[in-house]
Amino acid sequence: MSTKTFKLNTGQDIPATGLGTWQSGPGEVKNAVAFALKNGYRLIDGAYCYGNEDEVGQGIKEAIDSGAVKREDIFVVSKVWATYNTRVELGLDKSLKSLGLDYVDLFLVHWPLLMNPEGNDDKFPKLPNGERDIIRSYNHVDTWKQMEDLLATGKTKAIGVSNYSKRYLEQLLPHAKVIPAVNQIENHPSLPQQEIVDLCKEKGIHIMAYSPLGSTGGPVLKAEPVLKVAEKHGVPPSAVVLSWHIPRGSTVLAKSVNPQRIKDNLKLIDLDEEDVKLLNDYAENLTKEGKVIRYVYPPFGVDFGFPDKS
Ligand code: 1BO
């Protein structure tokens, strides 16, 4: 079981592994969160737009009430949804209310775009041409200034971003009084996003990797180098793909509501130099050949500055 932690630029320790809750359905996620916390997880990653923060909060409460964990020993992440990017404290308040917590450990800007602040996903007003009135133009740096102000409220211990490309970070950083503690991005050997990872490392921004296994049964789990390393260590390919993040210095978020998989996803292995080279070469070649695989498409066709056109 991995109990490894990394240090954020705030001085906080962040666990190397965490439970993702995106796409965890109602009626499942409460039990998954409670089970994970009772079985060694110390990081729970959530977001307003996942639509399940109330259940995530119930799972956290169950684990705390059972005596398995204390609030101060766990690391809870939430993210402001794009409809609240001009009023991030309101977004945070909504998440805290759903979670039943008075602070989170880390609050992230989920996507650098502004959606109609009047609306939420299913009830956007329609324009006369019948299209949904969704996207607003705005300056994402202004959202970051509001995020910085949140630190004084005590409602979050740290602030960061998610889905920020190199271009967006380069726009943000010259104006940031507080350097983001984290950039949470889709990351796996089939989508190494190395230029973002390198820039973040240089600036002291910790990477959290979401969708680290790609999609269910996705090609990354069948890639030859992954299978080779898995065979060498006698572990399933998923353990290799999850473990790849640790020598990179990143936190890896694995999503599951299945108790056995939740336990298995915590069993990381120590990859040696040869393993890391094999996996990195695979990642680098895919990048060079323009064959990286992005599973999470940036919403609404907005150009987020990722080099692979998705
Ligand atoms: C649209 C959600 C991506 C992962 O947080």
Side-chain angles (χ1 to χ4, degrees), residues 14 17-26 28-29 32-33 36 43-53 55-56 75-85 88 91-92 94-95 98-99 104-116 119-122 124 132 134-135 140 143 147 156 158-165 168-169 180-188 190-191 193 196-197 200 205-216 218 220 241-242 245 250-257 265 292-306 308 310:
I14 183 166
T17 50
L19 182 76
T21 60
W22 181 39
Q23 295 176 321
S24 293
E28 296 179 316
V29 66
V33 168
L43 190 162
I44 304 295
D45 180 74
Y48 176 87
C49 97
Y50 301 165
N52 58 13
E53 281 191 314
E55 272 202 43
V56 170
F75 195 103
V76 181
V77 183
S78 182
K79 310 180 191 83
V80 63
W81 183 233
T83 44
Y84 295 100
N85 274 354
V88 298
L92 175 54
K94 284 183 178 284
S95 286
S98 299
L99 289 165
V104 289
D105 298 274
L106 175 65
F107 193 52
L108 306 177
V109 180
H110 205 151
W111 288 92
L113 85 157
L114 179 64
M115 291 167 70
N116 181 350
N120 270 314
D121 308 15
D122 53 345
F124 283 109
R132 293 276 175 198
I134 292 181
I135 304 292
H140 67 92
T143 295
M147 292 291 283
T156 183
I159 51 173
V161 296
S162 182
N163 300 301
Y164 269 54
S165 61
Y168 272 69
L169 287 168
V182 156
N183 186 15
Q184 187 179 124
I185 53 173
E186 181 183 348
N187 205 212
H188 40 78
S190 304
L191 187 69
Q193 312 228 64
I196 304 178
V197 173
C200 286
I205 302 168
H206 183 66
I207 294 286
M208 293 176 88
Y210 74 75
S211 295
L213 298 174
S215 65
T216 312
V220 69
V241 175
L242 294 175
H245 295 276
S250 306
T251 288
V252 57
L253 301 169
K255 175 253 158 179
S256 182
V257 291
N265 288 341
V292 294
I293 305 163
R294 184 180 293 280
Y295 293 99
V296 181
Y297 286 90
F300 315 117
V302 175
D303 175 8
F304 286 94
F306 295 115
D308 50 305
S310 35

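Values below: every heavy atom of this structure, side chains too, minus hydrogens, waters and symmetry copies. These numbers were taken from a predicted model, which means no experiment stands behind them. Just follow the structure's listing: the first ligand is 1, and inside any ligand the first atom is 1.
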Check: Tyr210/Asn163 side-chain N/O donor and acceptor closer than 3.5 Å:
yes

Review point. Does a side-chain heavy-atom distance below 4.5 Å link Val252 with Met208?
Key: no

Can you name the atoms of ligand 1, numbered from 1 with element, that are less than 4.0 Å from a heavy atom of [X]?
X      : answer
Tyr50  : 4 (C), 5 (O)
His110 : 2 (C), 3 (C), 4 (C), 5 (O)
Trp111 : 1 (C)

query = Judged by non-hydrogen atoms, does Glu186 sit under 4.0 Å from ligand 1?
reply =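 In this structure, Glu186 fails to qualify as a contact of ligand 1 - no heavy atom is under 4.0 Å.
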
Geometric N/O contact Asn163 with ligand 1, under 3.5 angstrom: no

When you compare ligand 1 with Trp22, is there at least one nitrogen or oxygen pair between them that comes in under 3.5 angstrom?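 Such a contact does not occur with ligand 1.
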
Aromatic ring proximity Phe304/Trp111, centre distance under 6.0 Å
yes

* Asked: Do Tyr48 and His110 have ring centres separated by under 6.0 Å?
  ->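 Distance test on ring centres: not under 6.0 Å, no.
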
Note to self: Please determine whether a side-chain nitrogen of the Lys or Arg among Asp45 and Lys79 lies less than 4.0 Å from a carboxylate oxygen of the Asp or Glu.
What the structure shows: yes

